[in-house]
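Notes to accompany the following structure.
Just so you know, residue 1 is the first one in the sequence shown, and it goes up from there.
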Amino acid sequence: MEAKMLFGVGLVIDTPEFGTIVMGANEGLDKQLPSTIKEMIGDQIIIKKMDGEEQVYGVVSIQINHSIAGKKNIGICLGKEIFPEEVPAGSIVYCIHD
């Protein structure tokens with residue numbers, strides 16, 4: 001199993017409807033199609049916290065937004081079972097490849 005860095009967590013939000021969402025950006029993905037990015041992410045991600053702890057999370061949904069500057073902002077919904085405190089800003093999100 002190989003892990004590839006997706007983005008650094010810039011923002012973690014908790015929504016009543018969807019639960020915890022981690023958000024970030026990666027300039028290396030700006031030229032990729034949203035469908036390609038979603039395929040890369042798949043149904044599980046690894047989040048490595050700043051203290052070195054790694055945790056695998058299931059992906060509920062993925063949202064990719066485009067900024068005015070042409071950058072892609074990626075939001076990954078982790079669901080209502082995950083608390084925002086579990087994923088501090090500055091953590092790194094990795095996709096898992098077999």
Side-chain angles (χ1 to χ4, degrees):
M1 180 170 59
E2 180 186 336
K4 179 180 178 185
M5 191 194 108
L6 282 170
F7 59 83
V9 176
L11 182 64
V12 181
I13 58 173
D14 185 29
T15 65
E17 188 174 353
F18 301 110
T20 298
I21 300 170
V22 294
M23 301 179 73
N26 176 345
E27 286 185 18
L29 299 176
D30 287 343
K31 291 185 172 35
Q32 299 291 328
L33 292 171
S35 59
T36 303
I37 296 170
K38 288 180 180 182
E39 187 176 306
M40 284 175 55
I41 294 169
D43 60 1
Q44 286 189 323
I45 57 170
I46 297 172
I47 296 180
K48 185 174 183 179
K49 299 177 187 175
M50 293 171 57
D51 65 5
E53 179 187 344
E54 292 183 6
Q55 177 75 39
V56 176
Y57 292 94
V59 173
V60 174
S61 64
I62 302 163
Q63 180 71 37
I64 300 171
N65 297 312
H66 303 267
S67 73
I68 302 170
K71 307 289 182 193
K72 288 191 174 71
N73 297 305
I74 304 166
I76 300 176
C77 177
L78 303 177
K80 295 181 180 181
E81 298 80 29
I82 307 301
F83 296 103
E85 298 80 27
E86 293 181 47
V87 186
S91 300
I92 306 294
V93 177
Y94 295 87
C95 58
I96 303 170
H97 294 281
D98 293 326

Using every non-hydrogen atom in the two residues, find where [X] and [Y] come nearest and quote the distance to one decimal.
X     : Y     : value
Ala89 : Gly10 : CB-O, 4.3 Å
Pro16 : Lys80 : O-CE, 3.3 Å
Asn73 : Ser67 : ND2-CB, 4.0 Å
Pro88 : Ser91 : O-OG, 2.7 Å

For Asp14, side-chain hydrogen bond (donor to acceptor under 3.5 Å, both in side chains) partners two or more places apart: none
By side-chain hydrogen bond (donor to acceptor under 3.5 Å, both in side chains) - contacts of Glu81 (at least two apart): none
Distance-only criterion, 3.5 Å: show the donor-acceptor pairs between side-chain atoms of residues 45-54 and protein atoms not counting sequence neighbours.
unit_1: Lys49; atom_1: NZ; unit_2: Glu86; atom_2: O; d: 3.0
unit_1: Asp51; atom_1: OD1; unit_2: Glu53; atom_2: N; d: 2.9

Out of curiosity, [X] [atom1] to [Y] [atom2], how far, rounded to the nearest 0.5 Å?
X     : Y     : atom1 : atom2 : answer
Ile64 : Leu29 : CD1   : CG    : 8.5 Å
Met23 : Asn65 : CE    : CG    : 6.0 Å
Gln63 : Ile74 : CD    : CD1   : 11.0 Å

Linking I/L/V/M/F/W/Y whenever any side-chain heavy atoms sit under 4.5 Å apart, do [X] and [Y] land together?
X     : Y     : answer
Ile37 : Ile21 : no
Ile82 : Ile92 : no
Phe7  : Val59 : yes
Met5  : Ile96 : yes

Going by an N to O cut-off under 4.0 Å, is there a salt bridge joining Asp30 and Lys71? yes
Between Asn26 and Leu6, is there a donor-acceptor pair closer than 3.5 Å when you use the side chain of the first and the backbone of the second? yes
Kindly determine whether Ile76 and Tyr57 satisfy side-chain contact (heavy atoms from CB on, under 4.5 Å), including the steps that lead there. CA-CA 10 Å; Ile76 300 176; Tyr57 292 94; over 6 Å; no
Should we say atom OH of Tyr94 is surrounded by more than 12 heavy atoms from elsewhere, each under 6.0 Å from it? yes
May I ask you to check whether over 12 heavy atoms, not counting those of Gln55, lie within 6.0 Å of atom CD? yes
